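Being a predicted model, the structure only gives us computed values, none of them experimental. Keep in mind that the numbers below use all heavy atoms, side chains included, and drop hydrogens, waters and symmetry copies. All residue numbers refer to positions in the sequence shown, counting from 1.
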Amino acid sequence: MCKEIQTVNVFYFSPTQTTKTVVQNIALGTNLKINDKDLTFVEKDVKDYKFSEKDLVIVGVPVYAGRTPKVVRKALSKIKGNKTPIVLVAVYGNRHYDDTLIEMKDIFVENGFKVVGAGAFLGEHSYTDKVATGRPNKEDTEKAFNFGKQIVEKIKKAKTIENIEVPGNRPYKKDGEKKNIAPLPNENCKGCNVCSEVCPTGAISKENTGIVDVEKCIQCCACIKICNFNGREFKGNPLEKSINFLETECDKYKKIELFI
């Protein structure tokens with residue numbers, strides 16, 4: 001069965017590109033033809049996808065308060081398999097991934113997949129570049145690439161594919177509280193409009209980037225990360241407590257965890 005696999009189908013929700021980097025390097029390690037699907041702008045493009053035993057699927061999401069991002073769950077539920085091998089990837093900002101992998105496993109087992117591998121990778125935290133700085137780094141991407149190689153070898157050698165165990169708890173953690181805040185332009189803003197182009201939820205007006213729908217904002221900070229002029233910030237520093245916690249309690253270098 002597994003030797004017939006020709007294509008790896010890659011899905012990722014990745015506002016700041018860290019999850020995309022990890023998942024694409026895993027895919028490269030498989031040495032298979034890659035079909036790449038960016039789910040970051042999910043509200044514009046929620047489609048049904050169906051895969052067979054001849055496919056390999058890799059899905060990656062960033063960890064939001066120990067869970068999958070709420071905004072992408074509908075899109076994930078539309079990816080369907082038929083005994084299709086799948087690799088699950090959680091990318092977190094050096095605190096913990098908590099119940100993200102077990103939540104992903106439950107979604108995709110119900111959708112007809114067989115979980116052959118999973119990984120908890122590190123990505124620079126959205127709130128501060130002082131936590132998991134520069135992650136994923138070269139060592140991380142090399143491990144991701146080698147993980148892809150391992151997955152293919154496992155599938156080739158396996159007589160049957162069974163679901164692996166992954167860490168996490170049921171019931172899952174509650175979703176983080178909704179924060180009615182959003183980054184706004186400051187005196188450095190040049191009005192270049194790049195921020196609105198990367199906003200995954202369309203919270204930033206394309207006509208006037210100073211107009212932001214705080215109900216839509218998910219605090220991914222893609223707009224802050226993309227700006228070359230330091231032109232956006234959370235006014236009044238409403239994340240100060242969270243950032244202080246991250247920078248003092250989550251500053252130790254953490255290693256990738258792989259499950260196969």
Participant: Can you find a heavy atom in the side chain of N82 that is under 4.5 Å from one in the side chain of F113?
Facilitator: no
Participant: Between D99 and N169, is there a donor-acceptor pair closer than 3.5 Å when you use the side chain of the first and the backbone of the second?
Facilitator: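 Pair found, side chain donor or acceptor close to backbone of N169.
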Participant: At their closest point, which heavy atom of I204 faces which heavy atom of C199, and how far apart are they?
Facilitator: N-SG, 3.9 Å
Participant: For K74, look at atom NZ and say whether over 12 heavy atoms of other residues, nucleotides or ligands are found less than 6.0 Å away.
Facilitator: no
Participant: Looking at K206, I want to see if its NZ is surrounded by more than 12 non-hydrogen atoms of other residues, nucleotides or ligands under 6.0 Å.
Facilitator: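 It does: K206 NZ has more than 12 such atoms within range.
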Participant: Within this structure, what is the CD-CD1 distance for the pair E142 and I256, rounded to the nearest 0.5 Å?
Facilitator: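 These two atoms lie 10.0 Å from each other.
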Participant: Would you say the side-chain atoms of K105 pair up with the backbone N or O of I164, donor to acceptor, closer than 3.5 Å?
Facilitator: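 Checking the backbone N and O of I164 against the side chain of K105, a donor-acceptor pair under 3.5 Å is found.
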Participant: Check the hydrophobic clustering (I, L, V, M, F, W, Y; side-chain heavy atoms under 4.5 Å; chains of links allowed) and say if Y97 and V115 are grouped together.
Facilitator: yes
Participant: Is any side-chain heavy atom of C250 closer than 4.5 Å to one of F245?
Facilitator: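 Yes, side chains in contact.
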Participant: With a 4.5 Å cut-off on side-chain heavy atoms, are L32 and I5 touching?
Facilitator: yes
Participant: Which heavy atom of P69 sits nearest a heavy atom of V61, and at what distance?
Facilitator: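 Residues P69 and V61, closest heavy atoms: CD-CB, 3.9 Å.
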Participant: Answer whether the closest heavy-atom distance between the side chains of K143 and E139 falls below 4.5 Å.
Facilitator: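 Yes, their side chains come closer than 4.5 Å.
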Participant: On a heavy-atom basis, which atom in V91 and which in V89 lie closest, and how many Å separate them?
Facilitator: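 Between these two residues, the closest heavy atoms are CG2-CG1, 4.0 Å.
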Participant: Pair F13, L76 - check side-chain contact (heavy atoms from CB on, under 4.5 Å), show working.
Facilitator: CA-CA 10 Å; F13 177 81; L76 297 182; over 6 Å; no
Participant: Please identify which of these residues, K70, R170, R67, K173, meets the salt bridge (charged side-chain N to carboxylate O under 4.0 Å, His left out) condition with E103.
Facilitator: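 Testing E103 for a salt bridge (charged side-chain N to carboxylate O under 4.0 Å, His left out) against K70, R170, R67, K173 leaves exactly one candidate, R67.
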Participant: Taking atom types as modelled, find out whether Y12 and D36 have a side-chain donor-acceptor pair closer than 3.5 angstrom.
Facilitator: yes
Participant: Under a plain distance cut-off of 3.5 Å, with no hydrogens placed, do E53 and T84 share a side-chain donor-acceptor pair?
Facilitator: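 Side chains of T84 and E53: no pair found under 3.5 Å.
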Participant: With a 4.5 Å heavy-atom cut-off, do I79 and L39 have their side chains touching?
Facilitator: yes
Participant: Hey, does T128 have a side-chain heavy atom less than 4.5 Å from the side chain of E247?
Facilitator: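 Counting from C-beta outward, E247 and T128 do come under 4.5 Å.
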Participant: For a side-chain contact (heavy atoms from CB on, under 4.5 Å) with L56, tell me which candidate from I155, N9, T7 qualifies.
Facilitator: I155
Participant: Is there a path of hydrophobic side-chain contacts, each under 4.5 Å between heavy atoms of I/L/V/M/F/W/Y residues, joining V59 to Y64?
Facilitator: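 Same cluster: Y64 reaches V59 through Ile, Leu, Val, Met, Phe, Trp or Tyr contacts under 4.5 Å.
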Participant: Check K225 with E124, please: is the shortest side-chain N to carboxylate O separation under 4.0 Å?
Facilitator: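 Looking at E124 and K225, the cut-off is met.
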Participant: With a 3.5 Å distance limit and no angle check, can you tell me whether S14 reaches the backbone of T16 through a side-chain donor-acceptor pair?
Facilitator: no
Participant: Could you see if I224 belongs to whatever hydrophobic cluster contains V198? Use Ile, Leu, Val, Met, Phe, Trp, Tyr and a side-chain cutoff under 4.5 Å.
Facilitator: no
Participant: Hey, which of K190, R232, K235 is the one that makes side-chain contact (heavy atoms from CB on, under 4.5 Å) with P185?
Facilitator: R232
Participant: Is the count of non-hydrogen atoms from other residues, nucleotides or ligands lying under 6.0 Å from D251 atom CG greater than 12?
Facilitator: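 Yes, the 6.0 Å shell around CG holds more than 12 heavy atoms from other groups.
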Participant: I'd like to know if D175 and R73 make a salt bridge, using a cut-off of under 4.0 Å between side-chain N and carboxylate O.
Facilitator: yes
Participant: Mind checking whether F121 and Y92 have ring centres under 6.0 Å apart?
Facilitator: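 No.
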Participant: Look only at the side chain of D140 and the backbone of N137, and say whether a donor-acceptor pair between them is shorter than 3.5 Å.
Facilitator: yes
Participant: Let me know which of V23, V57, I58 forms a side-chain contact (heavy atoms from CB on, under 4.5 Å) with F11.
Facilitator: V57
Participant: Would you find more than 12 non-hydrogen atoms of other residues, nucleotides or ligands less than 6.0 Å from E197 atom CD?
Facilitator: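 Yes.
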Participant: For the pair Y172 and D106, evaluate side-chain hydrogen bond (donor to acceptor under 3.5 Å, both in side chains) and give the outcome as yes or no after the intermediate values.
Facilitator: CA-CA 11 Å; Y172 318 131; D106 290 345; 2.5 Å; yes
Participant: With distance as the sole test, does Q219 use its side chain to make a donor-acceptor pair with the main-chain N or O of I181 at under 3.5 Å?
Facilitator: yes
Participant: Among side-chain atoms of T40 and D38, is any donor-acceptor pair under 3.5 angstrom?
Facilitator: yes
Participant: Hey, mind stepping through F147 and N25 against side-chain contact (heavy atoms from CB on, under 4.5 Å) and telling me if it holds?
Facilitator: CA-CA 9 Å; F147 185 46; N25 275 278; over 6 Å; no
Participant: Mark yes or no for whether R135, through its side chain, and K254, through its backbone, hold a donor-acceptor pair below 3.5 Å.
Facilitator: yes
Participant: If we ignore hydrogens and angles and just use 3.5 Å, is the side chain of K80 paired with the main-chain N or O of F51 as donor and acceptor?
Facilitator: no
Participant: Do other residues, nucleotides or ligands put more than 12 heavy atoms under 6.0 Å from K255 NZ?
Facilitator: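 Not more than 12 within 6.0 Å, no.
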Participant: Do P200 and I218 make a side-chain contact, defined as non-hydrogen atoms from C-beta onward lying under 4.5 Å apart?
Facilitator: yes
Participant: Output the distance between atom NZ (K179) and atom CD (E177), rounded to the nearest 0.5 Å.
Facilitator: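 Here the rounded value is 8.0 Å.
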Participant: Taking all non-hydrogen atoms of both residues, which atom of I226 and which atom of V194 are closest, and how far apart?
Facilitator: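 Nearest heavy atoms, I226 then V194: CG1-CG1, 3.4 Å.
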Participant: To the nearest 0.5 Å, how far apart are CG in N230 and CD in E187?
Facilitator: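 Output value for this atom pair is 10.0 Å.
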Participant: With hydrophobic residues grouped by side-chain heavy-atom distances under 4.5 Å, do V131 and L122 end up in a single group?
Facilitator: no
Participant: CG/N186 to SG/C227 distance, rounded to the nearest 0.5 angstrom?
Facilitator: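 Between atom CG of N186 and atom SG of C227 there are 7.5 Å.
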Participant: Between K149 and E153, is there a side-chain N and carboxylate O pair less than 4.0 Å apart?
Facilitator: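 Answer for the salt bridge query: no.
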Participant: Return the CD1 to CZ distance between I243 and F234, rounded to the nearest 0.5 Å.
Facilitator: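 Rounded to the nearest 0.5 Å, the CD1-CZ separation comes out at 8.0 Å.
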Participant: With side chains defined as the heavy atoms from C-beta onward, is the minimum distance between V116 and I260 less than 4.5 Å?
Facilitator: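 No. Closest side-chain heavy atoms not under 4.5 Å.
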Participant: Go through the steps to decide whether D98 and V63 satisfy the test side-chain contact (heavy atoms from CB on, under 4.5 Å), and finish with yes or no.
Facilitator: CA-CA 9 Å; D98 296 306; V63 176; 5.5 Å; no
Participant: Got a donor-acceptor contact below 3.5 angstrom from the N94 side chain to the A132 backbone?
Facilitator: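 Here the side-chain-to-backbone pair does not exist.
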Participant: Write down the atom of A182, the atom of V214, and the distance for their closest heavy-atom approach.
Facilitator: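 In this case the closest contact between A182 and V214 is CB-CG1, 4.0 Å.
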Participant: Regarding N193 and S196, do their side chains bring together a donor and an acceptor under 3.5 Å, going by distance alone?
Facilitator: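 Looking only at side-chain atoms, S196 and N193 do form a donor-acceptor pair, the distance falling under 3.5 Å.
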Participant: What's the spacing between S77 OG and E110 CD if we round to 0.5 Å?
Facilitator: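 The distance works out to 9.0 Å.
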Participant: Which pair of non-hydrogen atoms, one from C217 and one from A203, has the smallest distance, and what is that distance?
Facilitator: N-CB, 3.8 Å
